[in-house]
Amino acid sequence: MFEGGLISMSQASYGYGKGAPVLINVDLDIRKGDVVVIKGASASGKTTLAKAIAGFLSPDRGVVDRCGRVNLLVNKGLGLKPSLSLYDNAMIRYLNFNSSLSTSRRKVRNILSFAKLDDRSHAALSSLPSLLKSRFALCLYLLNSYGLLVIDENIGLSDPEFREEVDDIVRYLMEQSDALVAFSRKRTPFDAYSNRAFTIESGRLIAR
């Protein structure tokens with residue numbers, strides 16, 4: 001592993017079963033301080049690469065080395081219970097991080113206020129429109145620090161009524177991460193901060 005390296009992928013190829021490979025001969029090095037944006041069309045292999053970076057997939061060929069923690073933010077509903085209220089979902093999340101009951105209550109009130117959802121705090125998560133579900137889940141990510149943070153495009157960063165707060169969240173996530181990789185089909189809030197950019201075309205990662 002190179003100095004300051006968090007992940008090194010060399011000629012790594014990935015597929016599912018006996019079908020054609022989804023990713024072909026990927027070369028990617030990520031070091032501390034990097035903000036990397038990777039773009040591609042639907043079904044281009046973005047989610048496969050995100051899972052590969054996070055260690056959820058093993059390469060069919062090539063070499064992958066990792067150093068430190070990797071957190072994958074890919075599913076806006078991951079770990080949330082639709083039948084519970086926003087307040088209860090948030091309380092469960094905070095208590096799982098070993099916060100005291102009083103601290104958890106205070107943090108949950110702050111998060112719901114920040115998300116502009118305090119008037120819906122006792123509504124079931126399932127009752128919210130999709131955009132507000134994404135906003136709520138995104139704000140819950142402000143719980144802890146990260147190592148290498150890998151972000152899928154569908155985590156609520158395109159909320160038009162929450163744009164200023166999204167910018168604050170983007171800066172917070174970068175401050176709390178050793179490095180960050182963001183995947184998208186189009187422009188993202190991370191573009192302005194990125195020091196490296198790639199596209200995925202026909203299963204190949206291409207530097208831009």
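Just so you know, these numbers come straight off a predicted model, no measurement behind them. No hydrogens, no waters, no symmetry mates; every other heavy atom, side chains included, goes into these values.
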So, [X] side chain and [Y] main chain: donor-acceptor pair closer than 3.5 Å or not?
X: S100; Y: T103; result: yes
X: N89; Y: L80; result: no
X: S134; Y: S130; result: yes
X: S127; Y: A123; result: no

Cluster link V63 to L28, ILVMFWY, side chain under 4.5 Å: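 No, V63 and L28 fall in different hydrophobic clusters.
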Cluster overlap L57 with I24, hydrophobic side-chain contacts below 4.5 Å: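 No, separate clusters.
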Check: [Y] and [X] side chains under 4.5 Å, non-hydrogen atoms:
X: R31; Y: L6; result: no
X: H122; Y: L86; result: no
X: L205; Y: N25; result: no
X: K46; Y: K39; result: no
X: S13; Y: V26; result: no
X: S42; Y: R185; result: yes
X: L131; Y: R135; result: no
X: Y87; Y: R105; result: yes

Step-by-step side-chain contact (heavy atoms from CB on, under 4.5 Å) determination, F190 to V181: CA-CA 9 Å; F190 298 101; V181 183; over 6 Å; no
If only side-chain N and O atoms count, and only distance matters, is there a donor-acceptor pair under 3.5 Å linking [Y] with [X]?
X: D29; Y: S8; answer: yes
X: D191; Y: T188; answer: yes
X: Y16; Y: T48; answer: yes

Only one of [options] forms a side chain to side chain contact (heavy atoms under 4.5 Å, CB included) with [X], so which one is it?
X: L148; options: L72, I7, D178; value: I7
X: F183; options: I151, T47, V36, I53; value: I53
X: T199; options: V37, I38, I206; value: I206

For R61, salt bridge (charged side-chain N to carboxylate O under 4.0 Å, His left out) partners two or more places apart: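 Scan of R61 (salt bridge (charged side-chain N to carboxylate O under 4.0 Å, His left out), adjacent residues dropped) gives none.
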What's the shortest heavy-atom distance between [X] and [Y], and which atoms?
X: A115; Y: C139; value: CB-SG, 3.6 Å
X: G147; Y: N71; value: N-ND2, 3.7 Å
X: A52; Y: M9; value: CB-CE, 4.2 Å
X: P59; Y: A12; value: CB-CB, 4.4 Å
X: P189; Y: V170; value: CB-CG2, 3.6 Å
X: I30; Y: R196; value: CA-NH1, 4.0 Å

Spacing of OG belonging to S121 relative to CE belonging to M91, to within rounding of 0.5 Å: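 So the gap between those two atoms works out to 12.0 Å.
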Residue list, side-chain hydrogen bond (donor to acceptor under 3.5 Å, both in side chains) with S85, at least two apart or on another chain: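 Applying side-chain hydrogen bond (donor to acceptor under 3.5 Å, both in side chains) to S85 gives D88.
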Partners passing side-chain hydrogen bond (donor to acceptor under 3.5 Å, both in side chains) against R171 (at least two apart in sequence or in another chain):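 side-chain hydrogen bond (donor to acceptor under 3.5 Å, both in side chains) check on R171 returns D168, Y193.
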Short N-O contact, D118 and R109, less than 4.0 angstrom: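 So D118 does not pair with R109 through a salt bridge.
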side-chain contact (heavy atoms from CB on, under 4.5 Å) between L23 and R204, intermediate numbers included: CA-CA 6 Å; L23 297 172; R204 297 183 183 274; over 6 Å; no
